[in-house]
Every structure is written in structure tokens, then in C-alpha cells.
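Each remark here refers to the structure printed beneath this line.
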Amino acid sequence: MAVALTRAVSPDLNSCELEFLDRTPIDVLRAAEQHRDYERLLESLGLRVISLSAEPALPDSVFVEDPAIVLDEIAVICRPGAASRRSEAASLAHALAPFRKLKYVQSPATIEGGDVMRIGKTLYAGLSRRTNEEGIRQLADLIQPFGYNVVAVPVLGSLHLKSAICSLGDALLLNPQWIDAHAFESFERIEVAEPWSANVLRVGETVIMPASFPETRRRLETRGYKIATVDISELQKAEAGVTCSSLIFS
Ligand code: GLY
């Protein structure tokens, strides 16, 4: 059974990092309920959810996708571009150690998992405010022995690559305003109807997306995708999507 590793919401979520959104008050209790609903949805789709305890001193630590990249063979422990997020890596590495051999990205590299989209043996890595060229170079070195290659993608207008583009399985959902999409020209592509709605999470035959994007949802349903929505409105004030709150692996 595949695992979804998650972490409970920090009570200090209001001190989260923000890149493109203005700060607005977050109802942390409601954010925690929404996160539990997200975990229940993952469970209902057949995943074994391993929920780690909250890290009260680490505001963004619910977003477990960013400090690690889990592949079939290894887990790469990242060095987040946001300095306040670097301490998240240690406890996540501890949680991943029973499942994968760990490899580490070193300073001056910065890289966050939200910038990394895997399609087969290719990892598309966003060159963003959080991930630098050295981060992408070190990632490529670490995973090349396992047959992976890395393609750098300039991220122009969003926090992470996966804020702007995600895999639907047989196609990509993207906001072409936010990335240089040249690397994806050979793929079937669907453009979002709402700017923030490209971040979706495919689990089995289901595509999970936030409840707040009805137009993109309609666009996907018209094409035959099975959609499950989850209300993450409080977490979205922290620039969250649906991929960033779990690490899913077999
Ligand atoms: N608040 C999510 C992040 O900026 O990393």
C-alpha cells in the first residue's frame, strides 16, 4: 500500500513564508481541520497516511513536500531556499530513513520539492526564488546513478514550479503565464481557467484539487477526469496547494 507522509499544522502558521501573496490572518484551527480533511481524502483513496506531529517552531512545516524529494530508489533531503524552512529537513529525514536511503543537497545549493515534478525518469526542476542552479546541479548528480535526468524550467511568476504546472497522468495542467513552458511542448497540455489552479494531485484515477477553482474543475471534468475537491482555503493563505502537504511513495 502506498504511503502519504504528512505533518500536522504548526500553531505558528501565521508566521509562514510568503512570496506572491499579501499576508492575511489565517484561522489556524480551521487550517488544521482542513488539513485533517485532506488526510482523510488521501486515506479514502487507498493511501496509508503517516501523520507526523506538528513542529510548533516551524511555521511552514505542514508543507512536507518541500524539504524532501522521494524517488523509488532514494530520498533527496533538500536545502530549502527559505532559510526559515531549513530546520524542517532534519525531522523529515528521520521519518523517511526507514523507507529510503537518504542523499543530501549541500550549501550553497537551494532546492525545494515543490519545484520538482517527476514524469517517468525525468525530473523537471523549477529555477525559482527557492531553487537555484546549484540546487538543480546537485539534484542531477545525486539521481543520475539511478537513471534519472533533470530538466531546468524557469519559473516566472509563482512560488514553485508545481504552483504553475502539474501532471494529470496523461496530460499536464498549466498556467503558461508563470513558467517558461518550452520543455513541455511535446506533452498534451490543458490551460487553467483560474491562475492559481494548476496545482493538482493525481492519486490513482482521481485528481485532487482545491474546492476554490470551479472553472478549472469544469474544464477537467469535461475532458473526463474524475475530480475530488478539498477545501484548503485557510492553507491557501499560506500559499499552499494540494501537492505540498504530503509526500506520496510506495
Ligand atoms: N508558505 C509556503 C512557503 O512559502 O514555503
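Remember, it's 1-based here, ligands and their atoms both numbered in the order they're listed. No experiment lies behind these values; they were computed from the predicted model shown.
Contact shell of ligand 1 (protein heavy atoms, cutoff 4.0 Å): E17, D60, F63, R85, R130, L159, A238.
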Show me, pair by pair, the donor-acceptor contacts under 3.5 angstrom made by side chains of residues 41-57, not counting sequence neighbours?
from : atom 1 : to  : atom 2 : distance (Å)
S44  : OG     : L41 : O      : 2.7
S51  : OG     : E39 : OE2    : 3.0
E55  : OE2    : S91 : OG     : 2.7

Next on the checklist: salt bridge (charged side-chain N to carboxylate O under 4.0 Å, His left out) for K162 and E65? Distances and angles first, verdict last.
Outcome noted: CA-CA 11 Å; K162 281 190 284 191; E65 176 181 61; 2.7 Å; yes

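In this view, F213 satisfies the ring-ring contact (aromatic ring centres under 6.0 Å, His included) rule with no residue, not counting sequence neighbours. With sequence neighbours excluded, no residue forms a salt bridge (Lys or Arg N to Asp or Glu O under 4.0 Å) with E185.
Residues R137 and E134 are paired through a salt bridge, judged by an N-O separation under 4.0 Å between the basic side chain and the carboxylate.
In this structure a side-chain-to-backbone donor-acceptor pair under 3.5 Å is present from R129 to E19.
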